[in-house]
Amino acid sequence: MKTECDCDIVIVGAGPAGLAFARSLAGSGLAVALVEAQSASALAAPAYDGREIALTWRSVAILRDLGIWPMLPAADVAPLRAARVQNGVSSFALDFDPGEAGQLGWLVSNHRIRAALWAAVQGQAGLTLHTGRRVVAAQADRRGAQVRLDDGTHIAARLLVAADSRFSPVRTMLGIAAALTPLDRSMLVCRVAHDLPHDAVATEWFGLDQTVAMLPLNDQQTSIALTLPTAAIAALAQCDDAVLAAELTRRTDRRLGELRLASTRHVYPLVTAWAHRFVGPCCALIGDAAVGMHPVTAHGFNLGLSGQALLAQQVLRAVRRRRNPGAAPALWQYEAGHRAAAAPLFAATNALVRLYTDPRPAARVARDAVLRIGAKMPGVQAGIRSMLTRG
Ligand SMILES: Cc1cc2nc3c(=O)[nH]c(=O)nc-3n(C[C@H](O)[C@H](O)[C@H](O)COP(=O)(O)OP(=O)(O)OC[C@H]3O[C@@H](n4cnc5c(N)ncnc54)[C@H](O)[C@@H]3O)c2cc1C
């Protein structure tokens with residue numbers, strides 16, 4: 001049966017970006033519809049997906065403002081004291097210490113953050129949840145936006161916000177082009193237990209034929225994120241636990257001693273996404289739908305969180321001035337602010353990935369030189385530290 005719903009804002013996608021945006025609108029008096037393909041039960045208890053999110057101080061400040069941070073059990077929050085970048089067989093390391101902040105950030109599992117965000121929006125006044133429903137058609141123009149769901153429900157809104165992943169079907173339906181770049185590499189992520197201490201230090205090691213990130217967790221565990229050509233990761237995804245543990249022990253050069261598998265393993269084919277526009281008439285893209293970063297610099301979630309906060313700020317300002325929540329000036333402010341924040345990070349991350357996955361000898365020399373120059377220039381370390389620890 002076809003249902004007609006009118007609302008102020010329709011959000012597509014209840015991932016971290018969509019849920020945080022819905023939560024940012026709490027208390028605004030706006031009628032908001034949130035559409036998500038997954039069922040309510042899957043959203044209430046999301047399965048572990050292998051992603052450990054390195055949250056910056058700014059992200060934690062946003063999560064605090066949204067009331068999410070206190071909902072995360074202390075046992076699920078691991079301190080990230082410092083970070084280290086190493087290249088190939090060189091023993092040289094570029095270290096990022098926390099300075100006066102005391103720590104660089106925190107590590108929290110993606111599924112725990114999603115569960116807390118989902119719990120926080122339950123019963124939120126003005127918010128209607130359409131779960132287990134997929135958007136099959138969407139359009140927006142200066143008069144407003146319309147979406148149709150797979151059960152025939154039709155939703156009309158003054159603003160449509162797409163938060164439906166880096167592959168964003170809604171972005172395509174809106175006619176917004178994006179550069180999607182498959183990298184022919186995949187990342188395998190899992191937790192391991194070990195006997196040697198990690199000292200709450202994250203290590204990003206660009207080996208000769210692999211990239212390994214070691215993210216320190218509680219209970220003497222570490223999250224391993226191993227990036228290899230897609231075919232090599234596919235083989236590792238199939239092998240039994242003991243073989244994988246032995247392979248990870250070897251590939252981490254026994255830095256943490258003998259590794260034991262402590263979770264399921266998850267594979268992510270690496271694809272970056274950059275939308276040519278973040279807004280259109282009465283519509284906006286947030287989260288990975290706007291910018292899908294390579295995970296190596298651990299910024300996608302953080303960027304999505306700050307982007308939704310900026311959009312919410314602009315929308316709420318328009319509403320306070322008795323303007324349409326989808327008013328063009330509000331959307332342009334979001335476009336300009338988010339693009340300025342995202343573009344340098346996106347470009348720097350992609351340049352880093354190109355340099356550190358290039359097997360040619362000249363590139364190996366260049367990346368060692370980049371690390372050594374970075375270590376000698378106090379501004380580089382201080383700049384990155386300040387970006388991570390700014391609240
Ligand atoms: C291995 C890995 C590690 C990472 N580590 C970090 C890190 O340390 N720090 C960091 O900042 N970032 C990290 N990231 C990036 C981060 O996970 C993403 O940026 C973030 O999850 C994106 O959130 P999102 O809400 O935009 O999209 P998603 O989480 O992709 O959610 C999109 C939602 O939209 C729904 N959807 C899609 N299509 C439709 C439709 N047609 N109708 C209805 N619903 C739909 C989907 O079901 C989904 O729930 C990592 C990523 C990976 C892969």
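What you see is a predicted model, and the numbers here were worked out from it, not measured in a lab. Atoms within a ligand are numbered from 1 in the order they appear, just like the ligands themselves.
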Give me the pairs of N or O atoms, one from ligand 1 and one from the protein, that sit under 3.5 Å apart.
unit_1: ligand 1; atom_1: 8 (O); unit_2: Glu52; atom_2: O; d: 3.3
unit_1: ligand 1; atom_1: 8 (O); unit_2: Ala54; atom_2: N; d: 2.9
unit_1: ligand 1; atom_1: 9 (N); unit_2: Ala298; atom_2: O; d: 3.2
unit_1: ligand 1; atom_1: 11 (O); unit_2: Ala298; atom_2: O; d: 3.3
unit_1: ligand 1; atom_1: 11 (O); unit_2: Gly300; atom_2: N; d: 3.3
unit_1: ligand 1; atom_1: 11 (O); unit_2: Phe301; atom_2: N; d: 2.7
unit_1: ligand 1; atom_1: 11 (O); unit_2: Asn302; atom_2: N; d: 2.9
unit_1: ligand 1; atom_1: 11 (O); unit_2: Asn302; atom_2: ND2; d: 3.1
unit_1: ligand 1; atom_1: 12 (N); unit_2: Gly300; atom_2: N; d: 3.4
unit_1: ligand 1; atom_1: 12 (N); unit_2: Phe301; atom_2: N; d: 2.9
unit_1: ligand 1; atom_1: 17 (O); unit_2: Arg51; atom_2: NH1; d: 2.6
unit_1: ligand 1; atom_1: 19 (O); unit_2: Asp288; atom_2: OD1; d: 2.7
unit_1: ligand 1; atom_1: 19 (O); unit_2: Asp288; atom_2: OD2; d: 3.4
unit_1: ligand 1; atom_1: 19 (O); unit_2: Phe301; atom_2: N; d: 3.3
unit_1: ligand 1; atom_1: 21 (O); unit_2: Arg51; atom_2: NH1; d: 3.2
unit_1: ligand 1; atom_1: 25 (O); unit_2: Pro16; atom_2: N; d: 3.2
unit_1: ligand 1; atom_1: 25 (O); unit_2: Ala17; atom_2: N; d: 2.9
unit_1: ligand 1; atom_1: 26 (O); unit_2: Asp288; atom_2: N; d: 2.8
unit_1: ligand 1; atom_1: 42 (N); unit_2: Val135; atom_2: N; d: 3.1
unit_1: ligand 1; atom_1: 44 (N); unit_2: Ala37; atom_2: N; d: 3.2
unit_1: ligand 1; atom_1: 47 (O); unit_2: Glu36; atom_2: OE2; d: 2.6
unit_1: ligand 1; atom_1: 49 (O); unit_2: Glu36; atom_2: OE1; d: 2.8
unit_1: ligand 1; atom_1: 49 (O); unit_2: Glu36; atom_2: OE2; d: 3.1
unit_1: ligand 1; atom_1: 49 (O); unit_2: Gln38; atom_2: NE2; d: 3.3
unit_1: ligand 1; atom_1: 49 (O); unit_2: Arg114; atom_2: NH2; d: 3.2

message: For Phe346 together with His294, are the ring centres under 6.0 Å from each other?
response: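 Here the rings of Phe346 and His294 have centres that are no less than 6.0 Å from each other.
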query: Rest of the hydrophobic cluster containing Leu183 (Ile/Leu/Val/Met/Phe/Trp/Tyr, side-chain heavy atoms under 4.5 Å)?
result: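 Hydrophobic cluster check, Leu183: joined to Met187, Val189, Tyr268, Leu270.
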task: Heavy atoms only: give me the nearest Glu36-Gly15 pair and the separation to one decimal.
output: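 Shortest heavy-atom contact: OE1-N, 4.1 Å.
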- prompt: salt bridge (charged side-chain N to carboxylate O under 4.0 Å, His left out) with Glu335: which residues, sequence neighbours excluded?
  reply: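 With neighbours one apart ignored, the set is Arg339.
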message: Holding to salt bridge (charged side-chain N to carboxylate O under 4.0 Å, His left out), I want the full list of residues that pass it with Asp241, two or more places apart in sequence or in another chain.
response: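 If we apply the salt bridge (charged side-chain N to carboxylate O under 4.0 Å, His left out) test to Asp241, skipping adjacent residues, the hits are Arg265.
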message: Can you tell me how far apart CZ (Arg81) and CD (Gln103) are? Round to the nearest 0.5 Å.
response: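 One finds 10.0 Å between CZ of Arg81 and CD of Gln103.
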